[in-house]
Amino acid sequence: MKINLLSCDAPRPDRRAISKCLIEISSSIDESLSNELTDILLEGDAVAIEVEDKEAGSVLRALRKLSIDYEIIE
């Protein structure tokens, strides 16, 4: 399943928690890429990631907990 991360609405976003979450939810993202994607997201640009369908519920819950707005692409 592809997810488009649109923005982070948290008043004080936790960069480390977002980066760690990206590593955990996507098997194709390593630490340096997750840091780069976190920076892009917090600057206001959308980021597309791919996650396994069987973990979709927990992934979406984790994103909501971090106040990350998202849309499901497919």
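Throughout, residue positions are numbered sequentially from 1 according to the sequence presented. These numbers come from a predicted model, not from an experiment.
From Asp69, atom CG reaches atom CG of Leu5 across 10.0 Å, with rounding to the nearest 0.5 Å. Separation of atoms CD (Glu36) and OG (Ser19) is listed at 11.0 Å; rounding is to 0.5 Å. Rounding to the nearest 0.5 Å places CZ of Arg61 at 11.0 Å from CG of Leu63.
Val47 approaches Asn4 most closely through the heavy-atom pair O-OD1, 3.3 Å. Across all their heavy atoms, Ile40 and Ala46 have their closest contact at CG2-O, 4.3 Å. Closest of all the heavy-atom pairs between Cys8 and Leu66 is SG-O, 3.6 Å.
Ile72 and Val59 fall within the same hydrophobic cluster, where Ile, Leu, Val, Met, Phe, Trp and Tyr residues are linked whenever their side-chain heavy atoms come under 4.5 Å apart, directly or through other members. Hydrophobic clustering of Ile, Leu, Val, Met, Phe, Trp and Tyr side chains at less than 4.5 Å, counting indirect connections, unites Ile68 with Leu33. Leu6 and Leu22 are assigned to two separate hydrophobic clusters, defined by single-linkage of ILVMFWY side chains at heavy-atom distances under 4.5 Å.
Within the 3.5 Å criterion, the main-chain N or O of Ser34 finds a donor-acceptor partner in the side chain of Thr38.
Residues forming a side chain to side chain contact (heavy atoms under 4.5 Å, CB included) with Ser26 (at least two apart in sequence, or on another chain): Ser28, Ile29. Under the side chain to side chain contact (heavy atoms under 4.5 Å, CB included) criterion, Ala56 pairs with Met1, not counting sequence neighbours. The salt bridge (charged side-chain N to carboxylate O under 4.0 Å, His left out) check on Asp30 picks up nothing, with sequence neighbours excluded.
At least one side-chain heavy atom of Arg15 sits under 4.5 Å from a side-chain heavy atom of Asp39. Between Tyr70 and Leu60 the shortest side-chain heavy-atom distance falls below 4.5 Å.
Within a 6.0 Å sphere centred on CD of Glu50, heavy atoms belonging to other residues, nucleotides or ligands number more than 12. With a 6.0 Å radius and a threshold of 12 heavy atoms from other residues, nucleotides or ligands, Glu31 has its CD atom at or below the threshold.
Looking at Ser67 and Asp9, their side chains never bring a donor and an acceptor atom within 3.5 Å of each other.
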Worksheet item: Going through the checks in order, is the side chain to side chain contact (heavy atoms under 4.5 Å, CB included) test met by Leu37 and Asn35?
Response: CA-CA 6 Å; Leu37 293 176; Asn35 289 331; over 6 Å; no

